[in-house]
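The chain is numbered in sequence order, starting from 1. Just so it is clear, the model here is predicted, and its values are computed rather than measured.
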Amino acid sequence: MKEPKGKLGVLVVGVGGAVASTFIVGTLAVRKGLGLPIGSITQLATIRLGKRNENNFPKIKDVVPLAELNDIVFGGWDIFPENVYDAAKHAEVLTRKDIDGVKDELEAIKPMKGAFDQNFVKRLCGIWVKDAPTKWDMVMQLREDIRKFKEKNNCDRMVVIWCASTEVFLPMSDTHKDLAKLEQAMKENSPEIAPSMCYAYAALSEGVPFINGAPNLTVDMPAIWDLAEQKKVPICGKDFKTGQTMMKTVLSPMLKTRMLGLNGWFSTNILGNRDGEVLDDPGSFKTKEESKLSVINTILQPDLYPELYGNVYHKVRINYYPPRKDNKEGWDNIDIFGWLGYPMQLKVDFLCRDSILAAPLCLDLVLFTDLAQRCGFHGIQKWLSFYFKSPMHELDAEPEHDLFIQYVKLKNTLRQIIGEKTLDYID
């Protein structure tokens, strides 16, 4: 394993968005001692080493060779030209006090022009976008951006993370299953090539890991898996697991372990900001819906427990409500049944802040993906499924959605990296 020496360049797609700006402001504030990295496993969580009676619970960051926050250099792309200071003010997630604490550093982060196609994000109109005759040419421009950023900022290593909007739903086709066909489709400007795929292809081609924080197809296809294998680069995704779906991955295992039945699960969300506006488009909502719906069925295994979960009605709704801005409300009505079939209900009202929950996930994923690269890991990083609504997996495999099983896998991978014995339970 290579040690984390030198600068780590972090290029964020959608660097001016609410999630990205919150992530960047927070990271810069933490490293200046102006705030605490609440929600970050890499910064706060401990890991048990050895036997329980040895009482050895060091912090992960003290025993796992992660990059230091002071070594991170931020950059990225956006379809709007504002620097990250102005973008963070516009997002209205953080207070001016927190933003102004790192003002100079934020003003210096100016986005590179983004790869944009109106067909994939109907509700946004990009004004700071690249001009290229084909999507293949677009990829070449993105590769040049990565190389220039790395050289200009004297970066030893790089990571690219997608924090941009959800693209319209795009089913996997033969184009996405074969690398040669994917490359040809880019050269032919095929409508089957989304902007996110251009970023992913460009990053992997430059030997840079790619993290997909949205439910887009992006890297979740055999063609990109083959590219990641060829270039020996890690990839992970998809869709940051933050509010309502995080609750589902906690509550569903509870029902299953107690052998309680489920009749129906109705989920609705209200949110504002740019994310809510984008998801107000049916095409983008379809992509998000597919990600959110996959959780319950996979955890509850209705084929094994038909009497408990064989006829579950699961509905998900997202409603754009501008007054809420980034302060989302996720409301769940859960109809369950117990002994002799008697009905009961669970009601969950999660008044959460999407970007506040997503920011520490971004930090962890950047640091862990860089770790994976230095360890020589490549392809899908299943051990990072903990962070995603719809964890990537091979076509012939089932993903693991149970938050606690995912957590055990995450920590055991870290133990293996540092040469410690694994545990079969949560420490």
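With contacts defined as side-chain heavy-atom distances shorter than 4.5 Å, the pair Trp77/Leu142 qualifies. Residues Met221 and Leu182 have side chains in contact (heavy-atom distance under 4.5 Å, counting atoms from C-beta outward). A heavy-atom distance below 4.5 Å is not found between the side chains of Phe404 and Thr257. Proximity of Leu251 to Trp265: side-chain heavy atoms (C-beta onward) are separated by under 4.5 Å at one or more points. Proximity of Glu329 to Ile270: side-chain heavy atoms (C-beta onward) are separated by under 4.5 Å at one or more points. Taking 4.5 Å as the limit, some side-chain heavy atom of Pro253 sits within range of a side-chain heavy atom of Ile299. Residues Ile296 and Leu262 meet the side-chain proximity criterion, which asks for heavy atoms closer than 4.5 Å. Inter-residue side-chain proximity for Met186 and Thr134 is flagged as unmet; no heavy-atom pair is nearer than 4.5 Å.
Asn333 approaches Asp335 most closely through the heavy-atom pair ND2-OD2, 2.9 Å. Closest approach of Phe120 and Ala194 over heavy atoms only: CE2-CB, 3.5 Å. When all heavy atoms of Leu367 and Ala67 are compared, the closest pair comes out as CD2-O, 3.7 Å. Across all their heavy atoms, Leu36 and Val30 have their closest contact at C-CG2, 3.9 Å.
A salt bridge links Asp427 with Arg415: the closest approach of a Lys/Arg side-chain nitrogen to an acidic carboxylate oxygen falls below 4.0 angstrom. For Glu394 and Lys382, the salt-bridge test passes: some basic side-chain N is under 4.0 Å from an acidic carboxylate O. Salt bridge Lys89/Asp86: present, at least one basic N to carboxylate O contact under 4.0 Å.
In this structure, Lys113 is positioned above the aromatic face of Trp128, its NZ or CZ under 6.0 Å from the six-membered ring centre and within 45° of the axis.
Sparse packing is recorded around NZ of Lys2, with 12 or fewer heavy atoms of other residues, nucleotides or ligands lying under 6.0 Å away. In the displayed structure, Asp131 atom CG is contacted under 6.0 Å by at most 12 heavy atoms of other residues, nucleotides or ligands. Within a 6.0 Å sphere centred on NZ of Lys187, other residues, nucleotides and ligands contribute more than 12 heavy atoms. By the 6.0 Å contact criterion, CD on Gln118 is enclosed, its count of non-hydrogen atoms from other residues, nucleotides or ligands being greater than 12. Counting heavy-atom neighbours within 6.0 Å of Lys325 NZ, excluding the residue itself, gives a total of 12 or less. Shown here is Phe337, whose CZ atom has more than 12 heavy atoms of other residues, nucleotides or ligands within 6.0 Å. Around NZ of Lys347, the count of heavy atoms belonging to other residues, nucleotides or ligands within 6.0 Å exceeds 12.
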| field | Intermediate values then yes/no, side chain to side chain contact (heavy atoms under 4.5 Å, CB included), Leu255 and Ile336 | value | CA-CA 9 Å; Leu255 297 177; Ile336 64 176; 3.9 Å; yes
| said: Using side chain to side chain donor-acceptor pair (under 3.5 Å), reason through Glu400 and Ser385 one step at a time and then give a plain yes or no. | reply: CA-CA 7 Å; Glu400 180 56 66; Ser385 294; over 6 Å; no
| task | Apply side chain to side chain contact (heavy atoms under 4.5 Å, CB included) to the pair Val408 and Asp424, showing each step before the final yes or no. | result | CA-CA 7 Å; Val408 171; Asp424 56 4; 6.0 Å; no
| task | Start with the C-alpha distance between Val13 and Asp78, add both sets of side-chain angles, then the distance that settles side chain to side chain contact (heavy atoms under 4.5 Å, CB included), and finish with yes or no. | result | CA-CA 6 Å; Val13 186; Asp78 207 285; over 6 Å; no
| message | Apply side chain to side chain donor-acceptor pair (under 3.5 Å) to residues Gln301 and Lys256 and explain how you reach the verdict. | response | CA-CA 9 Å; Gln301 298 176 289; Lys256 183 180 174 183; 2.3 Å; yes
| field | Derivation and outcome, side chain to side chain contact (heavy atoms under 4.5 Å, CB included), residues Asp226 and Glu229 | value | CA-CA 5 Å; Asp226 288 345; Glu229 179 70 28; 5.5 Å; no
| task | Take Lys7 and Asn153 through the side chain to side chain donor-acceptor pair (under 3.5 Å) test and state the conclusion after the steps. | result | CA-CA 8 Å; Lys7 297 292 184 182; Asn153 294 281; over 6 Å; no
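Note: Leu217 CG to Asn212 CG = 9.0 Å, rounded to the nearest 0.5 Å. The distance from the CD1 atom of Ile224 to the CG atom of Leu179 is 7.0 Å, given to the nearest 0.5 Å. Separating the CZ atom in Arg143 from the CD1 atom in Ile146 is a distance of 8.5 Å, to the nearest 0.5 Å. In this structure, CG in Leu410 is found 5.5 Å from CD1 in Ile41, a value given to the nearest 0.5 Å. To the nearest 0.5 Å, atoms OG (Ser390) and NZ (Lys241) are separated by 10.0 Å. Taken from SG in Cys236 to CD1 in Ile380, the straight-line distance is 10.5 Å, to the nearest 0.5 Å.
Under a 3.5 Å cut-off, the side chain of Trp225 and the backbone N or O of Val219 do form a donor-acceptor pair. Side chain of His176 to main chain of Glu192: a donor-acceptor pair is present (N/O by atom type, distance under 3.5 Å, no hydrogens or angles). In this structure, the side chain of Arg374 engages the main chain of Pro65 through a donor-acceptor pair within 3.5 Å. In this structure, the side chain of Lys135 engages the main chain of Ile193 through a donor-acceptor pair within 3.5 Å. Without hydrogens or angle criteria, Asp370 side chain to Met158 main chain gives no donor-acceptor distance under 3.5 Å. Between the side chain of Arg157 and the main chain of Gln373, no donor-acceptor pair closer than 3.5 Å is present. Side-chain N or O atoms of Gln381 include one that pairs as donor or acceptor with a backbone N or O of Gly379 at under 3.5 Å.
For Trp383 and Tyr407, the gap between ring centers reaches or exceeds 6.0 Å. Under the 6.0 Å cut-off for aromatic ring centres, Phe266 and Tyr313 do not qualify, their centroids lying 6.0 Å or more apart.
Side chains of Glu420 and Gln416: no donor on one and acceptor on the other come within 3.5 Å. A donor atom on one side chain and an acceptor atom on the other are found under 3.5 Å apart for Ser267 and Lys248. Using modelled atom types and a 3.5 Å distance limit, the side chains of Thr249 and Asp402 yield no donor-acceptor pair. Donor-acceptor pairing under 3.5 Å is recorded for the side chains of Tyr387 and Asp364. Side chains of Tyr201 and Glu183: a donor-acceptor N/O pair is present below 3.5 angstrom, by distance only. There is no side-chain donor-acceptor pair under 3.5 Å between Lys238 and Asn216. In this structure, a donor-acceptor pair under 3.5 Å is present between the side chains of Gln244 and Asn269.
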Could you pull out all donor-acceptor pairs under 3.5 Å where a side-chain atom in residues 350-362 meets a protein atom, sequence neighbours excluded?
unit_1 : atom_1 : unit_2 : atom_2 : d
Arg353 : NH1    : Asn327 : OD1    : 3.1
Asp354 : OD1    : Lys328 : NZ     : 3.3
Ser355 : OG     : Asp326 : OD1    : 3.0
Ser355 : OG     : Asp326 : OD2    : 3.3

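When the options Leu69, Leu44, Thr27, Thr42 are evaluated for a side chain to side chain contact (heavy atoms under 4.5 Å, CB included) with Pro37, the one that passes is Leu44.
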